[in-house]
There are 2 protein chains.
Amino acid sequence: MSVREFEPGQYILREGDRPRYCAYLTDGYVYRHKIVGDGGRQIVSIHVPSDFVDVQNILLDYADHNIQALTATTLITVPVDDLMKVAMEHGSVNRALWRETLVEASIMREWIANIGRRDARSRTAHMLCEVALRREKAGLGARETFDLPMTQEQLGDALGLTAVHVNRTLKSLENDGLIVRSKRSVTVADWNGLQSVGDFTSNYLHFPPSA
Amino acid sequence: MSVREFEPGQYILREGDRPRYCAYLTDGYVYRHKIVGDGGRQIVSIHVPSDFVDVQNILLDYADHNIQALTATTLITVPVDDLMKVAMEHGSVNRALWRETLVEASIMREWIANIGRRDARSRTAHMLCEVALRREKAGLGARETFDLPMTQEQLGDALGLTAVHVNRTLKSLENDGLIVRSKRSVTVADWNGLQSVGDFTSNYLHFPPSA
DNA sequence: CGCAAGATTGAAGATATTCAAACAGCGTGG
DNA sequence: CCACGCTGTTTGAATATCTTCAATCTTGCG
């Protein structure tokens with residue numbers, strides 16, 4: 001295995017590529033996205049440190065989506081074949097990796113519901129809650145304060161909205177005292193309120209039962 | 001393992017339940033869905049015979065979504081523990097099951113993109129193409145003709161639309177000669193056209209290379 | 001300083017929803 | 001056999017939400 005650094009915006013894997021490495025994210029944000037016919041882009045997942053970002057492709061012959069660095073990131077990469085070998089020899093590794101992909105799938109289901117059935121305000125609040133909580137659980141600081149290094153364009157691509165509408169939505173959340181923005185960092189001013197607006201519960205994240 | 005029959009609408013697993021069985025679908029349609037705060041429902045996947053419908057929950061402690069029979073269905077169920085035991089002892093079973101969950105995850109990514117970035121017409125066409133092709137690959141007949149036993153309400157829940165809008169959208173596709181409807185079955189009148197409107201390519205389904 | 005990328009705002013327009021009503025198909029019971 | 005009721009479909013009109021277009025403003029940075 002080896003440590004690799006990526007620049008903001010740099011592609012880690014492109015759609016159609018054959019995955020060779022599996023990567024564990026130690027620092028920075030990474031996201032996956034797909035491009036649709038009219039040129040639109042949809043971000044399908046966001047990753048925080050301690051996520052595996054390429055197990056999804058481990059058993060598939062080619063990538064069905066792009067993986068890109070959002071910020072400067074550090075990844076630990078392991079050749080797919082080696083990882084599979086270890087997984088096959090050690091049931092616990094196998095189960096852990098598999099479980100990771102299942103949790104990811106659960107998050108994707110929630111995204112489908114979020115994008116399909118919640119309006120812009122609720123949808124945006126929901127996603128802020130998710131990122132906040134996943135960062136907190138990864139030991140990256142309290143849920144109330146975190147850097148959200150995404151442009152409004154990128155947020156729109158993640159939420160199925162336009163950048164303009166994201167702007168108005170964030171403003172609305174801020175006006176209601178739910179969040180505070182300064183530059184590109186977000187502070188949750190009212191966690192319960194945000195959670196309520198976002199119709200958010202953390203069940204789907206399948207956090208292991210805390211000790 | 002045992003064979004179980006379900007009535008249309010019957011729940012196979014409910015959100016919050018502890019999954020005990022893993023099921024292989026031999027006959028009928030099954031779908032998964034989540035309920036959001038305002039009572040809205042979002043279908044997050046549709047299953048055709050030859051799909052495993054409960055591997056997603058196999059390593060998770062409780063179900064994060066509901067699984068429901070769309071039509072009368074036949075499932076072969078295997079206790080989760082037994083299946084895991086077999087998977088741990090046989091690498092090929094392990095890989096096959098895992099791969100199945102990864103393909104499902106890929107389909108969910110496409111759904112996110114479909115709902116997030118395509119308009120109603122394109123979105124609807126895309127889903128028709130997906131179901132048509134998955135049925136065909138499962139040996140259930142040519143892609144051009146298949147029963148679509150979903151109500152427009154259910155279609156709406158799958159597409160993130162209202163039933164009313166689904167109705168207008170289907171009419172529009174029919175008026176353009178892309179599909180023909182009679183009762184609740186759909187015929188694809190112009191596969192290439194539908195595929196084009198739906199911005200559909202089958203890459204994300206990860207069909208094994210045909211012999 | 002001056003550029004470039006991103007954020008913000010307004011106005012107009014498109015897309016989808018909501019509400020309401022009418023209609024069709026189908027199984028049940030008289 | 002037909003009436004009834006139920007579920008689902010279809011249609012229209014009004015409305016809400018989100019997008020598009022375009023301009024202005026802000027911020028970071030060479």
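The sequence lines fix the lettering, A, B, ..., with proteins before strands; numbering per chain opens at 1. Just so you know, these numbers come straight off a predicted model, no measurement behind them.
For D:dT11, the OP1/OP2 oxygens have a side-chain nitrogen or oxygen of B:K171 closer than 4.0 Å.
Atom CD of B:Q152 and atom C1' of C:dG25 are 14 Å apart (whole Å). Across the protein-nucleic acid pair, B:L155 atom CG and D:dT10 atom P stand 11 Å apart, rounded to whole Å. As a whole-Å value, the separation of B:L173 CG from D:dT9 P is 16 Å. Remark: P of C:dA16 and CD1 of B:I115 are 13 Å apart, rounded to the nearest angstrom. B:E153 has its CD atom 18 Å from the P atom of D:dC6, to the nearest Å. What separates CG of A:D157 from C1' of C:dG6 is a distance of 14 Å, to the nearest Å. Atom-to-atom, CG of B:N167 to C1' of C:dA21 comes out at 14 Å; the value is rounded to the nearest Å. Between A:N175 atom CG and C:dT8 atom P the separation is 11 Å, expressed in whole Å.
Not one N or O on the side chain of A:Q68 forms a donor-acceptor pair closer than 3.5 Å with the backbone of A:R32. Checked by atom type and distance alone, the side chain of B:Q56 never pairs as donor or acceptor with a backbone atom of A:S106 at under 3.5 Å.
Using the six-membered ring where Trp is involved, B:W98 and A:W98 have ring planes that are parallel, under 30° apart on the 30 and 60° scheme.
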Quiz item: Would A:Y62 and B:H206 satisfy ring pair (Phe, Tyr, Trp, His ring centres under 6.0 Å), going step by step from the backbone distance to the final call?
Solution: CA-CA 8 Å; A:Y62 54 84; B:H206 292 281; 5.0 Å; yes
Just list the side-chain donor-acceptor pairs under 3.5 Å for residues 8-23 of chain B, sequence neighbours left out, or say none.
from, atom 1, to, atom 2, distance (Å)
B:Q10, OE1, B:E7, N, 2.8
B:D17, OD2, B:R14, N, 3.3
B:R18, NH1, B:D61, O, 3.1

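Looking at A:T77 and A:S2, their side chains do bring a donor and an acceptor atom within 3.5 Å of each other.
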Exercise. Go along nucleotides 13-30 of chain D 5' to 3' and tag each nucleotide: B for a protein heavy atom under 4.0 Å from its base, S when only backbone or sugar atoms are that close, - otherwise.
Key: B----BBBB------S--
